[in-house]
Amino acid sequence: MTTVAADVKKLTMIQAITDAMRTMLDEDDSVLVLGQDVGINGGVFRATEGLLNEFGEDRVIDTPLAESGIVGTSVGLAVNGFKPIAEMQFFGFIYPAFNQLMTHATRMRQRSLGRYTVPMVIRAPYGAGVKAPEIHSDSVEALFTHIPGLKVVTPSNGYDAKGLLIASIEDPDPVLFIEPMRCYRTGRTEVPAEKYTIELGKAKTVREGDDVTVLTWGAMVNDTMKAVEQWEKEHQATCDVIDLRTLYPLDRDTIKTSVEKTGRVVIVHEAPETGGVSGDILSVINDEALFYLKAPVQKVTGFDTPVPVYSLENEYLPSARKITWAIEEALHY
Amino acid sequence: MNMEEQFPIWQYVTEEGELVQPEIDIDEAVSRAFYQYMSRARMMDQKCVNLQRQGRIGTYVPYEGQEAAQVGSALAIEDGDWMFPTYRDHAATMTHGQSLHNLLLYWRGRLEGSVPPEGKNIFPPAVPIASQLLHATGVAWAEKKKNSDRVSIVYFGDGATSEGDFHEGLNFASVFKTPTIFLNQNNGYAISVPVEKQMNSKTIAQKGLGYDIPSLRVDGNDILAVYYETRKAVERARRGDGPTLIEAVTWRYGAHTTADDPSKYRDQRESEERRSSTDPLMRLERFMRKQGWWSDAWKEDMEAGITEEINQALKDVDRHPRSEVDQLFDNVFAKPTWTIEKQRQHHTNINEGAKS
Ligand SMILES: Cc1ncc(C[n+]2csc(CCOP(=O)(O)OP(=O)(O)O)c2C)c(N)n1
Ligand SMILES: [Mg+2]
């Protein structure tokens, strides 16, 4: 744990994200922020609030409305000496850029035998539960963990967001940094004013217990914590709750250690079940800790359906009831 | 010749209400119909903004100020033609026959809200910018292959012209000579980004040149200009002469959505000033007054009727049954896969407290 420095502020996650970008814009002239409405408007979620004023139009850039354009030109900027932080206004609108990510950003290093590299970050708000209009609520991280050459990171709180985003900006390769919208303004964490990083690929155990390992990320971390806290009050058992934070590469060691301890696992994610990151987690467990399992691994996920319009999104999202149900299934197998 | 000269903004009626294209065929009844459709759209829009403030509908996308562009163009197509709206084009869809009831359902996050009435072809509003241009081209292409004289009209904003799909849509329409009307509403902004930052070109119409598509600019606050120019494009499309790009130059008075704060990026006094200068309803009123076709009593009666219609729709929607959970699982496929059926069953079991 970091010791609390003198200069610490209580920040929401969105403020911590702004703080991370400000820190890096300030430190490194090659860092650029670009995207739709990131300038004078400060981003539709205010992630870039104030940055235009501080760093000017050459560094904080309102682009034309074109995701393929934003990501494709960022590849060029990154190859040629800059470190772009490209904002997708919503994760559900990243699809026009898929081609650029899949066929260029992520393989330029190998195609040029290391001559050309793409140190860029793509940020995107994601997830259901904020009553957003259609298409705005997709949770399609697994489409991207499947892309070779791309790291995928998702914070669940302000402290992690700042450290992970700075690490992502400093990473020599492309990083997709997806931000659960529901966490933007729910709760504040202590965030040091100074620069710090959190290593990519490292999970965080946010609650320690002995009987069941609960693996999750993004907005589901808070939901899972609440459900587990309540459940533990009424039961004799306890849970390890792990916020994976990086979805590619997964933190093999943390998963292994916890599963060896508990032998019982629940995976919670809001993305559709089939092809979700839970499949990769299961594969890690299979390879690393299979014979420690005392029960089949339980999954609590979204359905193999489009994320619904908002009148149905609470039916779609993993509920506390479903999470504790799964914990009990794992426990009483 | 520069592009602004090559693509002048066509007006039929000046801001003062003077008719400057006298050869058109307009009478009192048609003018009143135009005005009534625009009033209905505006009153519905204002109602929705209020409902959103009261928390009775979700995030809402207002179009106030753009009524002439939407209503005028929607009136130029017929039943059986195809309409491709965005999230901001409810004035167009309600004019073409979408019910107020469904519009309210849409803003309550209900799938039923996207379904058009029988006999009308209205696509669910496109949310990913510019994606619908390709559907409008494909649908029109199909009509052409079937030797029908049906056309499609597709709505999109100034910002949409930056997406690849805009260019692909225009090129496909041009290459396959599809009966498509590309109805652009240049309202000056894509959220906070003004059109001058969105593009270096001075007009949107000129983008049609690259694809050899007949293109023009109209005053998007002049319903006569929009209606008659769209009708010409529709007639050309029906005749087999292919697509047209129409840039309707207009302005949104309000916020991008109810979640947006326009004072972050522009001086809202401009909107206020435009309400008393370029407003589409005011323009038509001035024109009608000059023709001697205006009556305050008529307006009052008409507005009372609309208020009643809107209130009735709201009452009906409030009584509308809640969303069925099955809607989540149905219609993903013609026949649900086993994974979907398993998930549906599991969901029901847990919510009913049964053991699975
Ligand atoms: C592909 C995609 N990217 C981003 C967005 C987010 N977004 C919604 S509306 C909008 C601006 C659209 O501007 P314009 O095309 O001018 O239409 P207007 O909203 O002015 O009607 C943006 C960026 C989106 N809906 N789809
Ligand atoms: Mg616009």
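The basis for the numbers below is simple: all heavy atoms, side chains too, and nothing from hydrogens, waters or symmetry mates. So that the names make sense, note that chain A is the first sequence line, chain B the second, and so on, each numbered from 1.
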Bottom line for Ala259(B): the part with an atom under 4.5 Å from chain A's heavy atoms is neither
What I want to check is whether the side chains of Gln52(B) and Thr59(B) have a donor and an acceptor closer together than 3.5 Å.
no
Honestly, the part of Asp260(B) sitting under 4.5 Å from a heavy atom of chain A is side chain
Note: vs chain B, highest number of non-hydrogen pairs under 4.5 angstrom among Glu313(A), Glu67(A), Gln36(A), Lys131(A) is Glu67(A)
Cut-off 4.5 Å, heavy atoms of chain B, and the answer for Val307(A) is neither
Under 4.5 Å to a heavy atom of chain B? For Thr305(A) that would be both
Honestly, the part of Ile129(B) sitting under 4.5 Å from a heavy atom of chain A is side chain
Turns out that what part of Tyr106(B) lies under 4.5 Å from chain A's heavy atoms comes down to side chain
Derivation of the side-chain contact (heavy atoms from CB on, under 4.5 Å) call for Thr48(A) and Met21(A)
CA-CA 8 Å; Thr48(A) 54; Met21(A) 287 192 276; 3.9 Å; yes
Report task. Verify whether one side chain among Ser139(A) and Glu141(A) offers a donor that lies under 3.5 Å from an acceptor in the other. Result -> yes
Hits for ring pair (Phe, Tyr, Trp, His ring centres under 6.0 Å) against His104(A), two or more places apart or cross-chain, chain-then-number order -> none
Applying a strict 4.5 Å limit to non-hydrogen atoms, the region of Asp37(A) in contact with chain B is both
The ring pair (Phe, Tyr, Trp, His ring centres under 6.0 Å) partner of Phe123(B) among Tyr155(B), Tyr87(B), Phe84(B) is Phe84(B)
Could you tell me if Glu49(A) and Asn41(A) have a donor-acceptor pair between their side chains, going purely by distance under 3.5 Å? no
Under 4.5 Å to a heavy atom of chain A? For Val193(B) that would be both
Cut-off 4.5 Å, heavy atoms of chain B, and the answer for Phe93(A) is side chain
Test item: side-chain donor near acceptor, Asp304(A) and Thr274(A), under 3.5 Å: yes
